[in-house]
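Just the heavy atoms: all of them, side chains too, but no hydrogens, waters or symmetry mates, feed the values below. Naming convention: chains lettered A, B, ... in sequence-line order (proteins, then strands); numbering from 1 in each chain.
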Protein chains: 2
Amino acid sequence: MFNYEHCCITMNKKQPTIEQHHFPWDHPRFRSWIAVARACQLMQQTLTRALADLDIKPPHLDILINLYRFEGISQQELARKLLVGRSNMSMLLPQLEKRGLIERRGDEKDKRVLRLSLTKSGRELTEQAMEIQTTLIGNSLDNEPIEECLIVAQSMERLIARLLKEETDLD
Amino acid sequence: MFNYEHCCITMNKKQPTIEQHHFPWDHPRFRSWIAVARACQLMQQTLTRALADLDIKPPHLDILINLYRFEGISQQELARKLLVGRSNMSMLLPQLEKRGLIERRGDEKDKRVLRLSLTKSGRELTEQAMEIQTTLIGNSLDNEPIEECLIVAQSMERLIARLLKEETDLD
DNA sequence: CTTTAAATGTTCAATTATGAACATTGCTGT
DNA sequence: ACAGCAATGTTCATAATTGAACATTTAAAG
């Protein structure tokens with residue numbers, strides 16, 4: 001990611017506009033996206049530190065929160081929600097199972113799928129971790145007007161829909 | 001990451017508001033942030049596919065673009081801009097050097113630092129890759145009003161400043 | 001009913017990122 | 001001048017993520 005502190009979005013108005021947007025970082029949308037990516041990366045690192053006491057990392061929390069919300073979800077569905085591969089779940093879930101945080105039970109109708117759920121201690125840990133994450137996000141964003149948060153959310157959701165659509169169009 | 005498609009941001013106004021924001025995903029700022037994270041992840045994956053022909057990945061492109069902009073930057077400065085550790089640069093840069101894309105030359109004044117620069121072929125590859133990335137971002141965001149992009153950018157930059165400040169406060 | 005195709009989960013090798021420990025070099029204060 | 005101390009880069013062990021190949025089970029097609 002980049003530092004664009006010293007880069008002008010709008011060029012000197014007295015100059016002809018022919019050379020505008022010559023470099024990527026002169027495009028407002030490009031710069032906007034870079035800021036998003038940097039913010040994400042930083043937030044991820046901060047969250048990693050904040051969760052260290054609970055001995056979990058952001059990927060584990062993502063899993064736990066989804067099991068919290070969607071009891072009985074399958075590994076495949078979980079992977080799709082998290083935008084990761086199935087193999088990733090096959091690596092991480094047994095760890096959480098060994099720690100007694102989750103349970104994997106075979107579906108009775110379809111012997112291929114494993115249904116996931118939180119154990120009691122898993123639910124407790126998830127609640128602590130969600131509290132930490134919510135506080136972090138709150139602290140980081142509570143200066144941002146709520147309307148701007150909504151604008152950001154809507155903008156991102158349109159982008160997500162767009163990229164997901166292209167992805168499925170490829171298959 | 002999560003799917004919140006079926007989750008109401010604003011609850012039924014006729015209900016008492018006591019139970020509002022009980023769960024993290026009921027917080028607008030939380031949901032807004034999740035959308036940002038998901039969008040980032042998807043964009044990263046899409047960019048990875050788009051760059052496959054050039055045989056580089058987003059981390060390499062981040063490096064190349066920074067060398068393109070900041071000729072003679074040191075590994076430490078580069079790592080700071082990219083928000084990664086120094087060791088990461090020690091792993092990736094020799095790869096790019098072996099491919100003849102970059103050069104590492106010891107600083108004459110300070111024998112600790114290595115000054116980085118692009119070779120001719122590195123610059124050409126970078127230009128191709130930047131074209132791909134710019135096009136992808138353009139295609140993904142050109143439906144978003146430019147004012148909203150600016151709102152997003154400013155919001156993210158405030159967030160970055162805030163997180164970076166907290167980080168340095170810890171040291 | 002049998003054969004194909006698709007879906008789910010696992011395993012494996014390869015890649016990337018991280019932090020700690022280390023060596024080298026430069027800087028500071030006494 | 002010199003004894004710490006900070007900065008830069010490397011190495012190593014560890015962990016996360018991916019995609020491909022695989023086995024099992026289910027669904028579809030003939």
*Asks:* Could you give the CD-to-P distance, from B:Glu108 to C:dT25, as a whole number of Å?
*Replies:* 16 Å

*Asks:* Would you list the pairs meeting side-chain hydrogen bond (donor to acceptor under 3.5 Å, both in side chains) in which at least one residue belongs to residues 138-150 of chain B, sequence neighbours left out?
*Replies:* A:Ser155-B:Glu144, A:Arg158-B:Glu144, A:Arg158-B:Glu148, A:Arg162-B:Asp142

*Asks:* Could you give the CD-to-P distance, from A:Gln44 to D:dA16, as a whole number of Å?
*Replies:* 12 Å

*Asks:* Rounded to whole Å, please give me the gap between CG in B:Asp55 and C1' in C:dA14.
*Replies:* 14 Å

*Asks:* Give the rounded distance in Å between these two atoms: CG of B:Leu83 and C1' of C:dG19.
*Replies:* 17 Å

*Asks:* Output the rounded distance in Å from CE (B:Met91) to C1' (D:dA15).
*Replies:* 12 Å

*Asks:* Say whether, by atom type as modelled, one donor and one acceptor occur between the side chain of B:Ser74 and the main chain of B:Val113 under 3.5 angstrom.
*Replies:* no

*Asks:* Do you know which two heavy atoms are closest between A:Asp55 and A:Arg99, and how far apart they sit?
*Replies:* O-NH1, 2.8 Å

*Asks:* Go through D:dT18, D:dA16, D:dT11 for me and flag the one nearest to the A:Val84 side chain.
*Replies:* D:dT18

*Asks:* Hey, could you give me the CD/CD1 distance between B:Glu157 and A:Ile34, rounded to the nearest 0.5 Å?
*Replies:* 11.0 Å

*Asks:* Apply side-chain contact (heavy atoms from CB on, under 4.5 Å) to residues B:Arg31 and B:Asp26 and explain how you reach the verdict.
*Replies:* CA-CA 7 Å; B:Arg31 293 164 53 76; B:Asp26 293 327; 6.0 Å; no

*Asks:* Using a cut-off of strictly less than 4.0 Å, decide whether A:Asn88 has a side-chain nitrogen or oxygen near OP1 or OP2 of D:dT18.
*Replies:* yes

*Asks:* What one-letter contact string describes nucleotides 2-9 of chain D from 5' to 3', where B marks a base within less than 4.0 Å of any protein heavy atom, S marks contact via sugar-phosphate atoms alone, and - marks no contact?
*Replies:* ----BBBB

*Asks:* What pairs meet the side-chain hydrogen bond (donor to acceptor under 3.5 Å, both in side chains) rule with one or both residues in residues 82-94 of chain B, with sequence neighbours excluded?
*Replies:* none

*Asks:* Within this structure, what is the CG-to-C1' distance between A:Leu78 and C:dA7, rounded to whole angstrom?
*Replies:* 17 Å

*Asks:* Just jot down the side-chain contact (heavy atoms from CB on, under 4.5 Å) partners of B:Gln128, sequence neighbours excluded, or say none.
*Replies:* B:Leu54

*Asks:* Which ones in residues 93-102 of chain A lie close to DNA chain D, meaning a heavy atom under 4.0 Å from one of its atoms?
*Replies:* A:Gln95

*Asks:* Please compare A:Lys111 and A:Ser87 by the position of their nearest nucleotide in DNA chain D and report the one closer to 5'.
*Replies:* A:Ser87

*Asks:* Tell me which donor-acceptor pairs under 3.5 Å the side chains of residues 114-123 of chain B have, and how far apart each pair is, sequence neighbours excluded?
*Replies:*
{"residue": "B:Arg115", "atom": "NE", "partner": "B:Asp107", "partner atom": "OD2", "Å": "2.9"}
{"residue": "B:Arg115", "atom": "NH1", "partner": "B:Gly72", "partner atom": "O", "Å": "2.9"}
{"residue": "B:Arg115", "atom": "NH2", "partner": "B:Asp107", "partner atom": "OD2", "Å": "3.3"}
{"residue": "B:Thr119", "atom": "OG1", "partner": "B:Gly100", "partner atom": "O", "Å": "2.6"}
{"residue": "B:Thr119", "atom": "OG1", "partner": "B:Leu101", "partner atom": "O", "Å": "3.1"}
{"residue": "B:Thr119", "atom": "OG1", "partner": "B:Ser121", "partner atom": "OG", "Å": "3.4"}
{"residue": "B:Thr119", "atom": "OG1", "partner": "B:Gly122", "partner atom": "N", "Å": "3.0"}
{"residue": "B:Lys120", "atom": "NZ", "partner": "B:Glu124", "partner atom": "OE2", "Å": "2.7"}
{"residue": "B:Ser121", "atom": "OG", "partner": "B:Gly100", "partner atom": "O", "Å": "3.2"}

*Asks:* Using a 4.0 Å heavy-atom cut-off across all strands, classify A:Met89 as base, sugar-phosphate, or nothing.
*Replies:* nothing

*Asks:* OP1, OP2 of D:dT18 versus side-chain N and O of B:Gln45: anything below 4.0 Å?
*Replies:* yes

*Asks:* Do side-chain atoms of A:His27 reach the backbone of A:Pro24 as a donor and acceptor pair under 3.5 angstrom?
*Replies:* no

*Asks:* Would you kindly compare A:Lys109 and A:Leu92 by the position of their nearest DNA chain D nucleotide and give the one closer to the 5′ end?
*Replies:* A:Leu92

